[in-house]
Amino acid sequence: MQTSVELQEPISYMSLWLIIAIVLAVLIIFTQVFFRILFKGRLKRPKKLKVKKPKPKTLEEIRKKYLSRLYVIENDIAGGKYTVRQGYQQLSECVRGFVFEATGIPVDKCSLSEIRTLKMPVLTGLVTEYYEPEFARFTVADIRKSLFKTRKAIETWH
């Protein structure tokens, strides 16, 4: 039986699409290599943070400011204005703000793991202590001890 339809070989009508796919694949690979070379090391390189040492007079002013803020937080907690969780959030904000103003390092925007890399054991200890009660729904943490530790840290910061 003879048919009037002549079949073409599959490659003869698909070669254009095959060439386009190969060119696109090569273009994607080239772009990947180009951007990896261009941005090499930028994402991996840790930022070097400069610790500024304020003058003793300025440090005393910063200390007074945050100790008075700590006093307000303590009164608000005792007066029932804050829950324990909110109190710990306020403590964390207070100590981070103090360290930021005293050193120039933006610890107010850092997570606990980033703070650990800064090698500031006092700050790391306080923020570690705050983390569980700050984010937990229920906690058995003693906020009065944390207030005392925070006050002591601010008073003895050098």
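Position 1 is the first residue of the sequence, and the numbers go up from there.
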Got a list of side-chain donor-acceptor pairs under 3.5 Å for residues 63-70, not counting sequence neighbours?
residue : atom : partner : partner atom : Å
Arg63   : NE   : Ile154  : O            : 2.8
Arg63   : NE   : Glu155  : O            : 3.4
Arg63   : NH1  : Glu60   : OE2          : 2.5
Arg63   : NH2  : Trp157  : O            : 2.0
Lys65   : NZ   : Glu101  : OE2          : 2.7
Tyr66   : OH   : Gly97   : O            : 3.4
Tyr66   : OH   : Glu101  : OE2          : 2.8
Ser68   : OG   : Lys64   : O            : 3.2
Ser68   : OG   : Lys65   : O            : 2.7
Arg69   : NH2  : Glu93   : OE2          : 2.7

With a 3.5 Å cut-off and sequence neighbours excluded, list the donor-acceptor pairs that the side chains of residues 19-29 form with protein atoms.
none

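Residues satisfying the side-chain contact (heavy atoms from CB on, under 4.5 Å) test with Ala78, not counting sequence neighbours, are none. A search for side chain to side chain donor-acceptor pair (under 3.5 Å) contacts involving Arg96 returns Ser92, not counting sequence neighbours. Among residues two or more places apart in sequence or in another chain, the ring-ring contact (aromatic ring centres under 6.0 Å, His included) test is passed with Tyr131 by Phe135. With sequence neighbours excluded, the residues that form a side chain to side chain donor-acceptor pair (under 3.5 Å) with Ser146 are Tyr88, Glu129. Contacts of Ser113 classified as side chain to side chain donor-acceptor pair (under 3.5 Å), with partners at least two apart in sequence or in another chain: Ser111. For Thr128, there are no side chain to side chain donor-acceptor pair (under 3.5 Å) partners at least two apart in sequence or on another chain.
Listed by first and then second residue, the salt bridge (Lys or Arg N to Asp or Glu O under 4.0 Å) pairs that reach into residues 110-124 come to none, sequence neighbours excluded. The side-chain hydrogen bond (donor to acceptor under 3.5 Å, both in side chains) pairs that include a residue from residues 20-35 are Gln32-Arg36, where partners are two or more places apart or lie in different chains. Pairs engaging residues 133-146 under the salt bridge (Lys or Arg N to Asp or Glu O under 4.0 Å) rule: none recorded [sequence neighbours left out].
The hydrophobic cluster containing Phe98 does not contain Val72, counting ILVMFWY residues as joined when their side-chain heavy atoms lie under 4.5 angstrom apart, directly or transitively. Clustering ILVMFWY residues whenever any of their side-chain heavy atoms sit less than 4.5 angstrom apart, transitively, puts Phe34 in the very cluster that holds Phe39. Tyr82 and Phe148 end up in different hydrophobic clusters when Ile, Leu, Val, Met, Phe, Trp and Tyr side chains are linked at under 4.5 Å.
The heavy-atom pair separating Val95 from Leu126 by the smallest distance is CG2-CD1, 3.7 Å. Here the shortest heavy-atom pairing between Ile77 and Gly87 reads CD1-CA, 3.8 Å.
With rounding to the nearest 0.5 angstrom, the CG atom of Leu91 is 4.5 Å from the OG1 atom of Thr150. In this structure, OG1 on Thr139 lies 10.5 Å from CZ on Arg85, to the nearest 0.5 angstrom. Between atom CD1 of residue Ile73 and atom NZ of residue Lys81 there is a gap of 10.5 Å, rounded to the nearest 0.5 Å. How far CG of Leu123 is from CZ of Phe100: 13.5 Å, rounded to the nearest 0.5 Å.
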Item checked: Worked verdict on Ile105 versus Leu118 for side chain to side chain contact (heavy atoms under 4.5 Å, CB included) -> CA-CA 9 Å; Ile105 298 174; Leu118 297 176; 4.0 Å; yes
